[in-house]
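Lettering of chains follows the sequences in order, A, B, ..., and the numbering in each one begins at 1.
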2 protein chains.
Amino acid sequence: MAADADADAVSPRERYRSQVRADIKARAWEQIAKAGASGLSLNAIAKELGMSGPALYRYFGSRDELITELIRDAYRSLADTFRAAADSGAGIGGLAHALRRWALDDPQRYFLVYGTPVPGYQAPDDITGIAQEIMAALLDVCAAAEPEAPAPASAGFTAHLSQHRDWAGGHPAPPGVLRRALAFWTRMHGVLSLELAGHFTGMGFEPDRLFDAEVAELTPGR
Amino acid sequence: MAADADADAVSPRERYRSQVRADIKARAWEQIAKAGASGLSLNAIAKELGMSGPALYRYFGSRDELITELIRDAYRSLADTFRAAADSGAGIGGLAHALRRWALDDPQRYFLVYGTPVPGYQAPDDITGIAQEIMAALLDVCAAAEPEAPAPASAGFTAHLSQHRDWAGGHPAPPGVLRRALAFWTRMHGVLSLELAGHFTGMGFEPDRLFDAEVAELTPGR
DNA sequence: TCATGTTTGTTATAGCTTCTAACGCAAGCG
DNA sequence: CGCTTGCGTTAGAAGCTATAACAAACATGA
């Protein structure tokens with residue numbers, strides 16, 4: 001699904017190459033959806049594509065390199081989703097539901113971004129750049145929402161944020177908006193990741209209503 | 001660390017067996033802390049213990065069985081932590097900080113419980129039983145906290161909970177308490193898992209202050 | 001048009017992994 | 001004291017990642 005980012009090739013060789021790379025990634029996404037990132041096998045992908053084993057190393061230097069590429073595409077996809085929602089004038093609730101749709105559309109893709117980290121792994125710099133894009137879109141939406149006094153209980157942390165706002169990347173939002181963006185991030189991730197991981201199955205209540213309730217408490221002005 | 005649950009053996013053979021099992025699990029925890037669950041190698045553990053390869057299969061039927069045992073121990077450890085906090089009269093804030101200490105003490109242990117799920121994997125029934133213990137302790141603490149009207153924004157979901165409370169396991173808590181327990185669970189997990197995964201590193205603010213702010217918004221009565 | 005260099009695929013191989021099978025030995029129990 | 005049970009061994013199958021060496025197809029310059 002999607003991920004035709006390599007399609008701007010010119011020479012027939014580059015065209016073929018980017019096509020094979022896209023095929024490999026498509027199969028990789030299928031495998032990850034079925035068995036998780038730890039169950040991804042380059043050998044199996046190569047066999048599925050009709051070519052045998054090490055041919056795949058012409059297109060991706062290593063298993064880690066392929067997974068890093070998938071992680072990058074996942075970040076890119078989320079950043080585009082957030083940017084589209086922000087530019088279409090969606091409020092906090094709209095952004096939340098765009099996030100939920102994106103997550104439910106491919107849970108393992110969500111976990112590639114926000115799941116269990118591998119202790120040694122360090123993401124490349126451009127991925128942290130995309131993460132900042134995501135944060136910028138979130139800040140745009142939070143800043144456009146009707147301003148509201150932050151909850152008195154967290155006034156101390158909001159004051160702390162006014163002096164530690166490097167992560168906002170120069171965004172001219174008041175500390176209350178920063179606080180609300182962080183609350184959006186942590187709370188939406190909290191309820192979403194537990195739902196995606198299946199921790200709500202068998203509990204009886206409907207997960208989407210819990211999600212909506214958390215969204216509602218995030219936007220008490222409406 | 002800990003996990004001497006097999007120590008109530010009698011015959012010298014069982015005694016030796018449970019000792020070796022404990023050694024294996026100790027090495028497994030070390031490996032998981034360093035390389036994550038996907039980097040756990042039975043072969044490497046056996047070599048570290050001086051025995052060679054397949055000898056380990058006398059003690060654990062498979063790699064999955066060992067990991068399942070570690071997951072069970074992680075759940076057990078968290079349930080004990082929650083129960084101890086609840087019985088010692090800790091409030092919601094106390095329970096939250098006990099959870100945070102437990103998580104920071106071994107992040108990969110936390111992710112074994114709440115991290116990325118493997119699509120095929122299904123936890124044994126007794127583990128879901130321990131999960132209910134955790135929920136019961138959380139409900140005890142939330143019920144003992146001073147009662148307070150739920151936020152008006154989530155009144156609809158609280159009403160929904162009054163009719164879908166199977167997961168509470170017969171706990172006689174009013175729906176507002178159930179709502180608060182779910183908010184505790186999802187919000188604490190949200191901020192904690194992002195911190196443990198390193199998503200806050202380099203952002204400038206202090207993660208523990210964000211955690212405290214979320215705890216404070218959870219207990220606005222104090 | 002022909003030759004040259006690049007790219008892509010192949011097979012072979014090393015080294016790692018999980019896990020089964022067959023065997024020997026030692027320790028505990030009746 | 002003998003017999004059973006359990007433990008550890010080596011051998012080996014099947015899988016994986018990754019590298020090396022080689023063959024074929026392709027694109028391009030003379």
Side-chain angles (χ1 to χ4, degrees), chain A residues 6-32 34-71 112 118-121, chain B residues 6-32 34-71 112 118-121:
Chain A
D6 306 276
D8 55 347
V10 273
S11 86
R13 236 171 184 168
E14 290 180 6
R15 196 171 179 74
Y16 176 76
R17 178 176 181 81
S18 59
Q19 174 62 44
V20 175
R21 278 177 63 96
D23 286 354
I24 292 172
K25 290 208 271 188
R27 303 285 180 153
W29 278 118
E30 293 175 11
Q31 282 201 6
I32 285 184
K34 282 177 194 157
S38 65
L40 191 148
S41 161
L42 297 191
N43 241 330
I45 292 176
K47 274 211 288 190
E48 279 182 1
L49 291 180
M51 56 187 178
S52 225
L56 213 142
Y57 286 81
R58 298 288 178 189
Y59 299 94
F60 293 96
S62 71
R63 187 175 179 273
D64 264 28
E65 193 178 307
L66 172 58
I67 291 185
T68 295
E69 190 107 353
L70 298 178
I71 293 176
L112 232 46
V118 176
Y121 183 79
Chain B
D6 307 277
D8 54 348
V10 274
S11 86
R13 244 178 178 161
E14 290 180 7
R15 195 170 180 76
Y16 175 76
R17 179 175 179 82
S18 60
Q19 175 62 43
V20 176
R21 278 177 63 96
D23 285 355
I24 292 172
K25 289 209 272 187
R27 304 285 180 153
W29 279 117
E30 293 175 11
Q31 282 201 7
I32 285 183
K34 282 178 195 157
S38 65
L40 190 149
S41 160
L42 298 190
N43 239 331
I45 292 176
K47 274 211 288 189
E48 280 183 1
L49 291 180
M51 57 186 177
S52 224
L56 214 141
Y57 286 80
R58 298 286 178 188
Y59 300 94
F60 294 94
S62 71
R63 186 175 179 274
D64 264 27
E65 193 177 307
L66 171 58
I67 292 185
T68 295
E69 189 109 353
L70 298 178
I71 293 175
L112 233 46
V118 176
Y121 182 78

Tell me whether the OP1 or OP2 atom of [N] has a side-chain N or O from [X] closer than 4.0 Å.
X       : N      : result
A/Asn43 : D/dG15 : no
B/Tyr16 : D/dG8  : yes
B/Arg17 : D/dC7  : yes
B/Ser52 : D/dT9  : no

Shortest non-hydrogen separation from [X] to [Y] and the atoms involved:
X        : Y       : result
B/Lys25  : B/Leu70 : CD-CD2, 4.0 Å
B/Leu112 : B/Ala37 : CD1-CB, 4.0 Å
B/Arg17  : B/Arg58 : NH2-O, 3.0 Å

Please report the distance, rounded to the nearest Å, between [atom1] in [X] and [atom2] in [N].
X       : N      : atom1 : atom2 : value
B/Arg15 : C/dG28 : CZ    : P     : 13 Å
A/Tyr57 : C/dT13 : OH    : C1'   : 14 Å
A/Ile67 : D/dT17 : CD1   : C1'   : 12 Å
A/Arg63 : D/dT19 : CZ    : P     : 15 Å
A/Leu40 : D/dG15 : CG    : P     : 17 Å
A/Leu42 : D/dA18 : CG    : P     : 6 Å
A/Arg58 : C/dT7  : CZ    : C1'   : 8 Å
B/Lys47 : D/dG8  : NZ    : P     : 18 Å

- Message: Heavy atoms only, 4.0 Å cut-off, all strands: where does A/Pro12 land among base, sugar-phosphate and nothing?
- Response: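 Answer is sugar-phosphate: A/Pro12 comes under 4.0 Å of backbone atoms only.
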- Query: Using a cut-off of 4.0 Å on non-hydrogen atoms, how would the nucleic acid contact of B/Tyr59 be classed: base, sugar-phosphate, or nothing?
  - Reply: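 Sugar-phosphate contact only - B/Tyr59 comes under 4.0 Å of backbone atoms but never of a base.
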Out of [options], whichever nucleotide has its closest atom nearest the side chain of [X]:
X       : options                : answer
B/Ala55 : D/dA25, D/dT17, D/dT9  : D/dT9
A/Pro54 : D/dC16, C/dT10, D/dT19 : D/dT19
A/Arg13 : D/dC26, C/dC19, D/dA20 : D/dC26

- Item | Worked verdict on B/Arg27 versus B/Asp23 for side chain to side chain contact (heavy atoms under 4.5 Å, CB included) | CA-CA 6 Å; B/Arg27 304 285 180 153; B/Asp23 285 355; 5.6 Å; no
- Query: Taking the side chain as C-beta and beyond, is there a heavy-atom pair between B/Phe60 and B/Ile45 under 4.5 Å?
  - Reply: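 No, too far: nothing below the 4.5 Å cut-off.
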